[in-house]
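Step one of this worksheet: look at the structure below.
We number each residue from 1, following the sequence as shown. For the numbers below, each heavy atom of this structure counts, side chains included, while hydrogens, waters and symmetry mates do not.
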Amino acid sequence: MPPAPSTAASVPSPNTATPVSPSAALTPLIQRTFTNSTLTFWLNGTKLSLNNVDPEATLLDFIRSQRGLKGTKLGCGEGGCGACTIVVQQRNSTTGRIEHLSVNACLAPVISVEGKHVITIEALGSAANPHPLQERIAKLHGSQCGFCTPGIVMSLYALLRNAYDPETRTYRLSEEMIELEGALDGNLCRCTGYKPILDAAKSFVKEDLGGVVVESSRGGVAERPGNGLGGNWTASQATGSCGRPGGCCRDKPGSPSSDTSSDVDSASTEITEESNGAPVSGSTYGAPLKSSKREDGCQLSSGASKCATEAEVLSGPKGGKYSFPQFNFKTYEPHTEIICPPGLQKYVKQPICFGNSKKIWFRPTTLAQLLEIKDAFPSAKVVAGSSEVQVEIRFKRLQYAVAVYVGDIEELNSFTVDKGSGTVIIGGNTPLTVMEHGCLEWYRKLGKRGMVLEAVRKQLRYFAGRQIRNTATPAGNIATASPISDLNPVLVASGTILTAQSFSRGSFEIPLTDFFIGYRETALPADAVITQLAIPLSPVNSRVVVKAYKQAKRKDDDIAIVTAGMRASLDKDGLVKDVSLAYGGMAPRTVTARNTEDVLRGKRWFDKNVLELAMNAMEKDFDLSFTVPGGMPTYRKTLAFSFFFRFWHEVAAELDLGSETERIDQEIISEIHREVSMGSRDNENPYEQRVVGKQIPHLSGLKQATGEAEYIDDIPKYDGECYGGLVLSSRAHAKLIKVDFTPALELPGVLGYVDHHDIPEDCSHWGSVVKDERFFARDVVESHGQPIGMIYAETAAIAQAAAKAVCIEYENLPMILTISEAIEANSFYPHDHQLKRGNPATEAFKDCDFVYEGVTRMGGQEHFYLETNVALVIPRPEDGEMEVWSSTQNIMETQEFVSQVTGVPSSRIVAKVKRMGGAFGGKESRSVQLACILAVAAKKSGRPMRCMLNRDEDMMMTGQRNPFQAHWKVGVSKDGMLQVLDADVYNNAGYSRDLSGAVMDRALTHIDNSYWIPNVHVRGHVCKTNTHSNTAFRGFGAPQGQFIAECMMSEVADAMGISVDDFRQKNLYKEGQLTPFLQKIEDWHVPLLLEQLRKEADYDRRVKEVEEFNKTHKWKKRGICLIPTKFGLSFATAVHLNQAGALVHIYHDGSVLLAHGGTEMGQGLYTKMCQIAAQELNVPMDSIFTSETASNTVANTSPTAASSGSDLNGMAVQDACRQLNKRLAPYREKYGQDAPMKQLAHAAYLDRTNLSANGFYKMPSVGFTWGNYVDPRPMYFYFTQGAAISEVELDVLTGDHTVRRADVKMDVGRSINPAIDYGQIEGAFVQGQGLFTLEESLWCSRSGQLLTRGPGTYKIPGFADIPQVFNVSILKGMQWAALRSVQSSKGIGEPPLFLGAAVLFALREAVKAAREELAVEKGILALGSPATAEELRVAIGDRIVEWARVKKGEGEKGAFAEAQA
């Protein structure tokens, strides 16, 4: 029995003012009722009984503490990314059915799985024996970096297990359930663009479940109870079967569910091509040398002769038009699924209490027990889903000494409808998924009388992700009292009554209209709990309409900007009897628009004069100031009235109030909805060779899908290992008056700290180009999140807590956050690079017919790799050696700076990385700092050091894509030809230079995009500000430069009144013309790409259709756009980085070890390099193995960046292989050209032939020098080119939009692996779509703190954001005469990203169409990036926006600052 916590504050007794200590209050209750302190649950089929669980640990902490269970990942710690998804298997106490709930392990307290069965990714299968879901995800290219893959697989697994219907013994699963009903809305992926994941999941439904699946006959969800919930609920009351896919022990033999037969032939999974040369897979190896008696070696016995591979690609039929990738998939056998443990069925709930002196957990099983706890200790924190509580603990550092898990109190979990009284009763602890199901089911039964249920369901569908909805509850949602709650406004509007209960007061009611009394304050007494909600139905035959609305940055899994619930009751004459307009996001609490309600009562609904009165009244209800907390005052007011305007028409439509003079516009009523996505890849590859050119899946894909792929934080703990917790600045710019580590050092488990005193002053600075940044701040901090020191301790939790305990005193200094502020303060880093070509701009403008000026702004972008920065440093006992594992793209720079701070030569520092969970440029330079800090601590303590940054820490300290601002002036001839470009371009570097100068250089060299401009003068300025230090990000300045170009093209075309398509076309480069940096345009295919894409996507017809749509639709507008891209490949002006090395060993058994300088971050580099080696050596693909990238195998490596990884390393690998081929030539002559490598290697070894080769490559011709305007060398080795068409639909009232279709065509040369290249194209496009339309970084304008530091506030695209139709193809039939890259391929990682801007420019066309019809003041539209819903809605400038516009007062600053402003 645990003691009551000693750290909790004493609280007043509810019946007396006398404070009562926690011990005195709780001990009697513990002794009387909560005598059991042992947790019992099942993990992957094994029963566990735990007696000493850390009460502060989450379920994820526990799972990852177990040996061999590292597949469940920590991605964000707030339930926003899904990397930690596990499945909880439990028996529903009402139906008796077994349920499978996808759950965020990072939020769930360990006590929440008491008496349940936890299933992790490891239980599903292994790489040697994968679950078919895992196999399809891997083989159909649904895993790139792989960090998100286990979580996605687990969400799909829950969907699959719940899809079995024991009544019909079939699976009720459809594509709609996978994509449209929220099964995956709690999972994020930053690499793939989601399409291959969805394709893999849909193929599983169609093929693996093809014989037993039941799909909807109406193209949607089958009409049956339980659908509409992403497969997380089945409404069957049957108890004969446990619901296990394929049946259970109670199924009768021969039933469909127990039939394990399959039409698929799974006898063999190895098929080789009918061609000369070695097979793609199926290597055999020689026996150990001492057992070999024959000169040519011998083959191992059956069962050990074939190397395991995840990439068995089968050739298509010979002679056919296409050679599609073919796979042998493992047959799905439902009876092999993990069963519900028999012991779980016998489990009996009992009250539990466990903890320590700091924190104690209670698990009551009855309401009475809960009320006793609250009576004894009113401040005890009630926890159900823990979605809010864990965020408060982890990020707000709140501590709850006494916590009560209430998820197992059955009395609080119910959903009933009393049609007689017209009331829906919902238990306060009913999971939101169950509530969502109940609302759906009963709305279908009740029709319009249950309209309130449909309103509630609509809000729940887009509330958080499925994992959170499976555990969160309405009572928790209400009690949290969030001012932007999705649910509370509709409950307030509907007149919901809460029932609360306490030990002393008994049961009592609180109308929800009286419940919210202030910001996060409620009328609920401290000792009471919410037991149920009573939602009134509309009276029979009444004229009542209830609707709900929400607008967020992203449709799925996003907190609201504004949310509303509205109810109107009209009499038979159409007069308003009663009305309630409740809003979230318009005040510190949920409020009603009382002035508007008063105006409406007694008035005739759908009278335009009444609408005018309501609009004027709403101005009084929501008089937001420019400085209002939460920002966006104009947009929020616009949404408030837009929602009411939509409700105005919805009521009229529901009650048929339209007339000849007042017609109901159905468009106002309808919101943006999407269909099941689809798309195509052009899989024909005329350049396919034996191995190179094949669509071989990512070599680690299967290990990633099974959770076996090891990332750095998965490496087992070393003996004596310590964990680091960073001490970060909480100020943007301030003097450090005092830094006192004493309070932290006094905490148990803390071992020491490091700060600037531990690094010699001459070694204390770092930087990729200029060493201007300190490892640790000294005297002054220059950014929020700048490291001041690091605590190291026995556990990560102790280290992080201790880091927060360090006492720091600051003295604030003036701060600069934005580009405009930097320009005004003349705050710049030295950077005088500029490009000049042609006549001086001032002279050239004189010859122009038209001159236009403008300002373009583009925001930054957070990398949001799923694996945050992490490093592990192991000091060796001799000679100062260190092994440094770092999630880095740049092992050489890691090695160099660790050498610097430790004072030992680089030869004694071994930097390594096996794989990264995403990087996108964010780990090219910024990863170095963490590795070096850990190395300093490792040297000081002599112990291994590990640290993985929390998501908020990573976002605060590691920087992002540089925000840009450009002031441009363009001269044009009257025939629409560009003549002059003069521009000053600024980027926001942050508090150090990092790579911002190089980013600016690339931006300047891409400011032409694909257009010839005879006279150019552009200047780059790098701004010094007090934000985090911005850095490399996929595209490295090119997207910013190209965006500036396309903004100029669009705005100039509009000003001239000409078609932007024609304007682009006539100004395209021609072969042989020179860029502004005087590089000749060669292999110029952009005109051809545009022409082919235009025809393939039927662009001209669709343009006319969009025009016709916009003529006939006022409140929905469409836009379509076609843009090109030209991306230069090489490390532009860092010529020395254009080199690479490789090391190839052939062992005597014929196996090949390949090492090179490239790192694997999900882009498939290891796979491509193995393909090149296999092709060159004429061996099967699976005989090539790459273990890791390490500085002791290949020295002096360049960072894997600039889309040059394949170009550089591929040529080095090819060079090494050709050296080996030359040495093996005599043996091939002797044994035959296709002799197996085991035979060749064995013979060569016996002849003492060197079977190791060191390959090297340096990129020829490049070497541009800034300032040389006469005869510079080329800056880029070649240009990767492409084009994209995007078509969008915009909701004029809200700014919400959907991408109806995207078509992308890229020139990738002769692809080494088209599947990987397609994955890069799709992933880059969606990442670019996020950059230009969704992702917005914000700082607090008063404190300078970064506000967007997690998935709750920073939104990347999700599954529901990708184009509904997504077609990708690659250019074929070209010669590429000037291309001298490996296998004549082209780099593809970065070039497609800018094409995501096609979405923005399509949206620009839609906004233009809306402005032409609705805008109060018309003019040239300057649309910056990101074009968020706010930007789009406000840009329309209609009467509602002008009514809502909040003007800035003198000296006022908005709540948020944007770095590009």
Does [X] reach the side chain of [Y], with side-chain heavy atoms less than 4.5 Å apart?
X	Y	answer
V1299	Q1329	yes
H1297	L1290	yes
L624	T634	no
H1028	L1346	yes
L1293	W1115	yes
F622	R636	no

Should the pair [X]-[Y] be classified as a salt bridge under the 4.0 Å nitrogen-to-oxygen rule?
X	Y	answer
D1438	R1433	yes
D486	K550	yes
R601	E597	yes
D578	R567	yes
K637	E619	yes
R461	D185	yes
E782	K1024	yes
R457	E454	yes
K620	D623	no
K1408	E1413	no
E1335	K1355	no

When rounded to the nearest 0.5 angstrom, what is the spacing between [atom1] in [X] and [atom2] in [Y]?
X	Y	atom1	atom2	value
Q965	S820	CD	OG	4.0 Å
I1356	L1331	CD1	CG	12.5 Å
E612	D607	CD	CG	10.5 Å
H784	Q1345	NE2	CD	4.0 Å
T1298	I672	OG1	CD1	6.5 Å
R1445	I1440	CZ	CD1	13.0 Å

| said: Centre-to-centre under 6.0 Å for F1033 and H863, is that the case here? | reply: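 Ring-ring flag for F1033/H863: true, centres closer than 6.0 Å.
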| field | Check: W1443 ring centroid to F641 ring centroid under 6.0 Å | value |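 That pair passes the under 6.0 Å test.
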| request: Just jot down the side-chain hydrogen bond (donor to acceptor under 3.5 Å, both in side chains) partners of S482, sequence neighbours excluded, or say none. | output: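 Applying side-chain hydrogen bond (donor to acceptor under 3.5 Å, both in side chains) to S482 gives none.
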Please list every donor-acceptor pair under 3.5 Å in which a side-chain atom of residues 644-652 meets a protein atom from a residue at least two apart or in another chain.
residue, atom, partner, partner atom, Å
R646, NE, I668, O, 2.4
R646, NH1, D1291, OD2, 3.1
R646, NH2, I668, O, 3.2
R646, NH2, S670, O, 3.3
R646, NH2, D1291, OD1, 3.1
R646, NH2, D1291, OD2, 2.9
H649, ND1, F645, O, 3.0
E650, OE2, Y549, OH, 2.7

| said: Would you say NZ of K735 has more than 12 non-hydrogen atoms from neighbouring residues, nucleotides or ligands within 6.0 angstrom? | reply: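 Count not over threshold, so no.
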| task | Please indicate whether R397 has more than 12 foreign heavy atoms, meaning atoms of other residues, nucleotides or ligands, lying under 6.0 Å from its CZ. | result |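 Atom CZ in R397 is packed in, count exceeds 12.
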Run the side-chain donor-acceptor check on residues 511-525: report pairs under 3.5 Å with partners two or more places apart or on a different chain.
residue, atom, partner, partner atom, Å
R520, NH1, E388, OE2, 3.4
R520, NH1, T480, O, 3.3
T522, OG1, L524, N, 3.3

| Between F1043 and F1401, how do the two ring planes meet: parallel, tilted or perpendicular, split at 30° and 60°? |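 F1043 vs F1401 ring planes: tilted.
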| said: Checking E1458 against S1337 for the side chain to side chain donor-acceptor pair (under 3.5 Å) test, could you report, in this order, the C-alpha distance in whole Å, the side-chain angles of both residues, the deciding distance, and whether it holds? | reply: CA-CA 7 Å; E1458 299 170 304; S1337 295; over 6 Å; no
| said: Between Y400 and E392, is there a side-chain donor-acceptor contact under 3.5 Å, judged purely by atom types and distance? | reply: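 A donor-acceptor contact under 3.5 Å links the two side chains.
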| request: Check step by step if side chain to side chain donor-acceptor pair (under 3.5 Å) holds for S783 and N1026. | output: CA-CA 5 Å; S783 172; N1026 297 116; over 6 Å; no
